[in-house]
*Asks:* 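Structure below; questions to follow.
Every chain is numbered from 1 and lettered A, B, ... according to where its sequence line falls, protein lines coming before strand lines.
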Amino acid sequence: METLLGSYWFYITTILMAIGLWGMLAKRNLMKKLIGMNIFQTAIILFYITGSSKIGATVPIYDPEIGVANPALYHNPLPHVLMLTAIVVAVATSGVTLALMLMIYRRYHTLDEREIMKRMHE
Amino acid sequence: MQAYLSIAPVIAICVSLIAAILIVMSRHYPRLCVGWTIGSAVIKFAVIASMLPSVLNGNYPAIKLFELSPGISLAFKVDSAGMIFGLSASLLWVITSVFNIEYTRIFSWLRDIRYFASFTVCLAATIGIAFAGNLFTLLIFYELLTIATYPLVVISGKPEAIFAGKKYLAYLLTAGALLIIATALTFRYAGTLDFIPGGFLDAGIGSDKLLVLAVLFIIGFGVKAALMPFHSWLPTAMVAPVPVSALLHAVAVVKAGAFGFVRVIGFVFGPTLFHDIGAGTILSIMAGITILISSLLAIGQDHLKRRLAYSTVGHLSYILLGLSLFSPIGWIGALLHIVNHAMMKITLFFCAGAIAAKTRMDRVSQLGGIGKQMPYTMAAFTLAALGLIGIPPISGFVSKLFLGQGALGADLWILLALLLLSGLLNAGYFLPIIRRAFFVPSDMFVKYDESPLLFVIPLALTALMALYFGLQPNGLFDFFKLATDAATSVFAGGIR
Amino acid sequence: MILNHIIVLIPISLLVFSFITFLLGTVRRSLAYPTALVGSAISVACSVVGLILVLQGGPIHYYLGGWPPPIGIEYVLDYLSAFMAVLTTFIGFISIVYSRKSFAQELPHKVVPLYTITLLLLSGLCGIIVTGDLFNLYVFLEIASLTAYALLAVGEKRAPVAAFRYVIMGTVGACFYLLGVGFIYFSTGTLNMADAAKLLPAIYDSRAIIAAAVFIVIGIGLKMALFPMHSWLPDAYTYAPSAVISLIAPLMTKVFAYVLIRMLISVFLPEYLSDVIPATLVIGWLAAAGIVIMSIMAIAQDDFRRMLAYSSLAQICYVALGIGLANPLGLIGGMLHILNHAFMKGCLFQVAGAIRYRTGLTSISKFNGLGKKMRWTMGSFGIAALSMIGIPPACGFFSKWYLMLGSIDAGNWVFVGVIALSSLLNAVYFFKIIEKVFFAQPDDDIVENAAEPPKEMLVPIVIMAVAIIALGLVNVYIVTNILEPVVNHVFN
């Protein structure tokens, strides 16, 4: 864990997360919010993947030359599998969000949050 | 003293609840509602009266139904103190439900299931308070009583009634919240909530904590007992129909507050501990001030029911004063005053209701010469009023006598002086009404036109009972023996 | 034999039936409702059997695919999850019964997808409850969330905007949770809750675990709308279809409160969250502030559903207060309040739906005299309202009672005061309605023409009202048999 905290990957995912969060919470355009959401989710996927990788290791497929004696020579496969699920979830979330945005656009003819608020109260 | 298993207390409570359900079911037949009310009242009184002999023998019916919270059961125990309150409330409920027949006929908008159902639920809750075997059960019925009384206050739907309802809830729910805190604290300090004569709280808990607890209880029950400065909901609630004011705001609800003090002082703290931590002094000072100020305020009221309400505030504090005195005699006086004040005050309210029903007048200044038109009503009024002033041989004198002796026994001359002064003030606000009724000639009330019999009989009955219990404090229901038993058991641990 | 699989059957039966509902529904639209009803009835039966088994033989562990943890995914039916599963499936069942007329009036063309998604939502919630795996929980959490977004979005005109806001906040919450799980995984190498709980104490002082705890608590806090992370909820609840909201309001935030309790008692353990880092302290004080502020907000509302939404926010803070106390009685109070509040709020939202069904009214100021026309409905409302205020013997009183005892044990007098004060604030906004409904004269033709809702709506409402009283009277049974084993296990 300490090596993770010391590694530059960690800072990159953190910065990505911050960008995503900023986009979701501060942007007025709903589409930008969605993009922020995707960046945020991607950052978390990256976080898992980088956490599972090891320097000098290879893909977790049994290789007779390496053997199974030293697991440090393989990347950790589990987070990869988890992230497959997370990607599916992210896609589904994007789909639902896009559908919502479609409904909103048809009703208010804009995706600007402030405009929508204005038209909502008319 | 021992307890025996009996479901009679549960029956006494459930009779009213079942009646409430029957009333709701027969909502299209107002006559049937009246019938259910009277029937349940009579059965309730009979059940409670049937327990009287064994209670007098020191053999208390008790039952534990089921647990409500780990370590706390829904439990009932009919001891002497509970019997005094339960018996007097259920007896007067029978009389009130008779009074109700004619009253709801005249004010026909009251023929409403909300009115009858709430009324019966109120009585169920009152008896629940009287027979509760532990603080938690008492608390449950106490809250239930608060809620069940609310519809009766706002029943007319007029703006002033709605306002009175708001004020009522604001005061009583706050009190209820404080009581819940106090009950929870008691449970954490003592590990039990079962009432024990002489109290179950231990002085080792620390007098600071106990004093806080006592203050919470004083406010919690004091609001319902209309202790100043928490009294002002009571005069406002006088917008309610007369039977409600008569039974609930003179007997059941406010006495439930006073009875709460009986339980807390006698059966939770124990008089010794309550006195040692200084709570007794606080309560007696508050009660003393209440007696004085409320009597002065009563003199200023022109609205008859409001004048009676302030009088109630004062007399409730008589009871609290007696309980806060550290003496068995004072306790006997206080317990007797629960009964005696109930008889007298309900008479006065009945009279106010009969007058209002006949003449639509509710102000003292309008009542000149009314004695000529309604001599029986006003005679009963006079009797009850004299009783409250403390004139022998009416029952008010007896309880005041014991209260006075209690004050003397506790070496509190100032309280004795207070009692005497308050008697004078009582005379100050009752005698003008009587004088105006009988001796001021008037053009309006010239010929004899008494209320219907269904009014006169109940109010005459309660007035005569007040007289009877003055002559025979131990007659018929042995209230005196019950009060003595209760006081003795509470002080069984001896006076320091 | 089948009893061994009872745990997975709870979410799986709902999942399978959601597809069956869709298939049969596309054949004939009228088949959707009975299929959904059967599916949720089966799930109720499964969870009741599960609860009985747990009460008789203690917690049940089920290894998905036969793989034992920490490698495989474990499903656990312990006292708490069995209890929550019964609650969730039962409320789901009642809401589906209730929903038929309401959907038929509000959204007649969308019943098939609505029932499909409703069952999927219930499946997700049940999955969250029974799983013993941190990542599996995330998956179910997303299933429940995505379906909830969809259900909330089909309501009134403004609903999509409210749902969009919910999507954003919900996703932030879910991602924070996932991030926290990542920290736990990389520190301990396990995703199994029980396993993690064993491994975590050794590395309590690691910064990664602090980060994990903070992310998870904030993430779940967002999902359960814990004050001050609640801003998405009032709009989402106000504009949703009546039948949907009477399902989501009692369950959604409560299940996430359950997740928080699960994290407290099964993953991090109370000594970490209250002693090593002051998480429970923060939760407790936020909850105390939330109770007061949200109750005051509720007083200010005129729209009945919006008032109930704010009231929900205040009530979820009670559960959080119990978590924040982190002592046995406080936790019992919090868990009991999940149950009680599910019934109370379910009943209240169903009443709101029934009023809307018959009169179209949502504004409290127009409720004058409704009590005369809708006796049973409004009578049930009265019971639920009194229970919310905390009048014994309705169930709402007892959770407050345990919370108060817990606060006294913790020596926290402010919490004691807050609990008492909140009863009074509840009284203010509920009596405002009671006085209009029962004691004011009807001043409107709409009210004059109102009548009881159809039986399919009325029966669930009355059942809920009766349950509110019954739960109050039998609360000792629930507390001693179900909730005390949970806390004894944790605090010994």
*Asks:* Taking side chain as everything from C-beta outward and backbone as N, CA, C, O, which of these in C:Leu191 sits under 4.5 Å from a heavy atom of chain A? Side chain, backbone, both or neither.
*Replies:*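 When you check distances to chain A, only side chain atoms of C:Leu191 fall under 4.5 Å.
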*Asks:* As an exercise, state the distance from CZ of C:Arg158 to CZ of A:Arg119, rounded to the nearest 0.5 Å.
*Replies:*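 If I round to the nearest 0.5 Å, the distance is 14.5 Å.
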*Asks:* Given a strict heavy-atom distance threshold of 4.5 Å, which part of A:Leu30 is in contact with chain C: side chain, backbone, both, or neither?
*Replies:* both
*Asks:* Quick check for you: to the nearest 0.5 Å, what is the distance between A:Leu78 atom CG and C:Tyr185 atom OH?
*Replies:*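 Atom-to-atom, A:Leu78:CG and C:Tyr185:OH are 4.0 Å apart.
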*Asks:* Determine the option with the most heavy-atom pairs under 4.5 angstrom with chain C, choosing from A:Met17, A:Met37, A:Arg107, A:Lys33.
*Replies:*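 Highest number of pairs under 4.5 Å: A:Arg107.
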*Asks:* Using a 4.5 Å cut-off on heavy atoms from C-beta on, say whether the side chain of C:Tyr138 contacts that of A:Val89.
*Replies:* yes
*Asks:* Is it the case that over 12 heavy atoms from other parts of the model lie below 6.0 angstrom from the CD1 atom of C:Ile71?
*Replies:*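 Incorrect, the count does not exceed 12.
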*Asks:* What part of A:Tyr48 is in contact with chain C, defined as an atom under 4.5 angstrom from a non-hydrogen atom: side chain, backbone, both or neither?
*Replies:*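 The answer is both parts of A:Tyr48.
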*Asks:* Counting only heavy atoms not in C:Tyr204, do more than 12 sit closer than 6.0 Å to its OH atom?
*Replies:* yes
*Asks:* Under 6.0 Å from the CZ atom of C:Phe22, do we count more than 12 heavy atoms belonging to anything else shown?
*Replies:*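 Counting neighbours around CZ of C:Phe22, 12 or fewer heavy atoms of other residues, nucleotides or ligands fall under 6.0 Å, so no.
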*Asks:* Quick one: sort the A:Phe47 and C:Phe183 rings into parallel, tilted or perpendicular, breaks at 30° and 60°.
*Replies:*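 Tilted, since the angle between the ring planes falls between 30° and 60°.
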*Asks:* Check ring-ring contact (aromatic ring centres under 6.0 Å, His included) between C:Tyr63 and all other residues, then give those that pass, not counting sequence neighbours.
*Replies:* none
*Asks:* Among residues 161-179 of chain C, which residues come closer than 4.5 Å to chain A, judged by heavy atom distances?
*Replies:*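 Only C:Val161, C:Ala163, C:Phe164, C:Arg165, C:Val167, C:Ile168, C:Met169, C:Thr171, C:Val172, C:Cys175, C:Phe176, C:Leu178, C:Leu179 of residues 161-179 of chain C have a heavy atom under 4.5 Å from chain A.
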*Asks:* Given that the side chain runs from C-beta out, which part of A:Met24 has a heavy atom under 4.5 Å from chain C: side chain, backbone, both or neither?
*Replies:*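 For A:Met24, heavy atoms of backbone and side chain both lie under 4.5 Å from chain C.
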*Asks:* Against chain C, label A:Ile116 side chain, backbone, both or neither, depending on which of its atoms sit under 4.5 Å from a heavy atom there.
*Replies:* side chain
*Asks:* Is it true that atom CE of A:Met117 has more than 12 heavy atoms of other residues, nucleotides or ligands lying nearer than 6.0 Å?
*Replies:*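 More than 12 heavy atoms, drawn from other residues, nucleotides or ligands, come within 6.0 Å of this atom.
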*Asks:* Tell me the closest heavy-atom pair linking C:Phe186 and A:Ser52, and the distance in Å.
*Replies:*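 Closest pair (atom of C:Phe186, atom of A:Ser52, distance): CE2-N, 3.8 Å.
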